[in-house]
Amino acid sequence: MDTPTPDAGATFDRSMVRTESVTKESKGGQSNVRFVADTVDYEEIVSLTDQCVKSYLAETAAAYCYGYANAADYEVTAFDWTPESDQDIYGTGRPCWIMYSGQPVAGADGRTDTPAIATSFIDQCPGGVEFPDPDGSLADYREKRESSLAAATDIRRRDVCALIDTEALTRNGFNATLGDVTDDPTAYLPDGASASWVCSTAEGEVGFTATEFADPASAAGDVESAELATNDFLLDAGRLIALDGGSAIVNDEFGLVEAAWSVGTVSFSVTMSSVPVTPGLSGGQSNSELADAITSLASTAAQRVAADAW
């Protein structure tokens, strides 16, 4: 893959670096770097990220750099971020990077340059970088998003993570670190819905969506549209269990749970991904643990919705 051509007007300097670590030391070392460019010029950030990689390749056999536009973007952290996150090789802890470039220990043939997805950046990052937009589609996206968010200000804010039974997750071996990952609660709504809220656990093991409707019949109809009872792929090696207001497929062979149920005017959709139990190895959730986790989540959510405790 061709690497970006450095812009003579943009020069990488080590004073831009916010975090760096070295891994794979037995193989000559891999530098893992995050730096702040202090510019919102997209092409300059691309150029500086390329220069960062080249700078660190002078010291280690491999180098990977995440380029951030400014402090505002760099300071955005994921809900499960920890200081240790800044020392690993992945950029998910600080998601508002513009360019991720690097060369592996294997050499230049493995060089990669990964730009941020512009729409995802617009959704979650404050830095104001203007991405290339030759057809005007990003400008349209920004306008629609701003209009949608303005309309969403009239909606009652919900704390969807407050509906989750963290004790049930913990006792059944799931990560119980929760984060509300709702961006625009009015985006991607099913027919008849007014708002949808999403909570996730760290590492994405559990995705929990609560969608509000005008009436109970519409919420129940949303559950029926999930068609869990006819999901032959999961049911072939799984089983369907009843929940109040819906059902769940528990498949310990794949380590998956898919569930849908409703409580009053709220419908729920939950996906749980676990490690299948492997004989002779530790970890993984059994069929009974998966069933306990989802039935407890459904029961607790019903109680808290009824009490309007979210």
Side-chain angles (χ1 to χ4, degrees), residues 79 117 119-120 122-124 137 140-165 168 178-201 204-235 238 240-251 256-273 293-310:
F79 70 85
I117 298 172
T119 52
S120 295
I122 291 169
D123 286 345
Q124 62 183 328
S137 60
D140 290 343
Y141 183 85
R142 287 182 189 272
E143 182 178 351
K144 291 177 181 177
R145 171 177 163 75
E146 289 170 2
S147 176
S148 180
L149 288 175
T153 59
D154 295 330
I155 295 173
R156 178 184 174 185
R157 299 298 301 181
R158 294 292 197 177
D159 180 4
V160 64
C161 293
L163 298 176
I164 295 181
D165 185 344
L178 304 178
D180 186 332
V181 294
T182 307
D183 175 43
D184 177 358
T186 64
Y188 314 114
L189 292 176
D191 290 343
S194 59
S196 190
W197 313 91
V198 184
C199 185
S200 175
T201 61
E205 287 182 325
V206 179
F208 185 101
T209 301
T211 303
E212 298 182 273
F213 291 84
D215 56 77
S218 296
D222 186 50
V223 173
E224 291 178 4
S225 70
E227 299 181 336
L228 294 183
T230 58
N231 188 327
D232 294 336
F233 175 73
L234 289 180
L235 285 173
L240 192 69
I241 62 174
L243 304 173
D244 286 343
S247 59
I249 298 175
V250 176
N251 186 314
L256 289 174
V257 174
E258 293 284 349
W261 73 95
S262 64
V263 179
T265 59
V266 182
S267 75
F268 294 92
S269 175
V270 173
T271 298
M272 309 181 76
S273 302
I294 192 58
T295 54
S296 296
L297 287 180
S299 175
T300 299
Q303 295 169 17
R304 295 176 182 176
V305 165
D308 199 27
W310 65 306

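A distance-only check finds no donor-acceptor pair linking the side chain of S262 to the backbone of V266 [under 3.5 Å]. Under the 3.5 Å distance criterion, the side-chain polar atoms of S296 are left unmatched by any main-chain donor or acceptor of A293. Looking only at distances, a side-chain donor or acceptor of T182 sits under 3.5 Å from a matching main-chain atom of V198. In this structure a side-chain-to-backbone donor-acceptor pair under 3.5 Å is missing from T300 to L297.
Between F208 and S200, the closest side-chain pair of non-hydrogen atoms is not below 4.5 Å. In this structure, V257 and N251 have side chains that are not in contact, with every pair of non-hydrogen atoms separated by 4.5 Å or more. Annotation: side chain of V305 is in contact with side chain of F268 (closest heavy-atom distance under 4.5 Å). At a threshold of 4.5 Å between non-hydrogen side-chain atoms, the residues I241 and I294 count as touching.
Contact record, A226 with A260: CB-CB, 3.9 Å, taken as the closest heavy-atom pair. Minimum heavy-atom separation, L163 to A210: CD1-CB, 4.4 Å. Between L235 and T230, the shortest heavy-atom contact is CD1-N, 4.5 Å. For L178 against C199, the heavy-atom pair with the smallest separation is CB-SG, 3.9 Å.
For residues 140-155, the set of pairs meeting the salt bridge (Lys or Arg N to Asp or Glu O under 4.0 Å) definition, not counting sequence neighbours, comprises D123-R145, R145-D183.
Geometric assessment of R304 against the ring of W310 yields a negative cation-pi assignment under the 6.0 Å and 45° thresholds.
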List the steps and the verdict of side-chain contact (heavy atoms from CB on, under 4.5 Å) for V270 and W261.
CA-CA 9 Å; V270 173; W261 73 95; 3.6 Å; yes
Which is it for S267 and F213 under the side-chain contact (heavy atoms from CB on, under 4.5 Å) test, yes or no, and what are the steps along the way?
CA-CA 8 Å; S267 75; F213 291 84; 3.4 Å; yes
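One distance of note links CD1 of I117 with OG1 of T119; it measures 6.5 Å at 0.5 Å rounding. With rounding to the nearest 0.5 angstrom, the OG atom of S148 is 9.5 Å from the OH atom of Y141. One distance of note links OG of S120 with CD of Q124; it measures 6.5 Å at 0.5 Å rounding. Here the CG atom belonging to L240 is positioned 6.0 Å from the CD1 atom belonging to I249, to the nearest 0.5 angstrom.
Residues R158 and D308 are paired through a salt bridge, judged by an N-O separation under 4.0 Å between the basic side chain and the carboxylate.
Within a 6.0 Å sphere centred on CG of D244, heavy atoms belonging to other residues, nucleotides or ligands number 12 at most.
Between T209 and S269, the side chains place no donor N or O within less than 3.5 Å of an acceptor N or O (distance only, hydrogens not considered). A donor-acceptor contact closer than 3.5 angstrom links the side chains of E258 and T271.
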List the atom pairs, donor and acceptor, that lie under 3.5 Å between side-chain atoms in residues 188-196 and the rest of the protein, sequence neighbours left out.
{"unit_1": "S194", "atom_1": "OG", "unit_2": "E212", "atom_2": "O", "d": "3.4"}
{"unit_1": "S196", "atom_1": "OG", "unit_2": "T211", "atom_2": "OG1", "d": "2.9"}

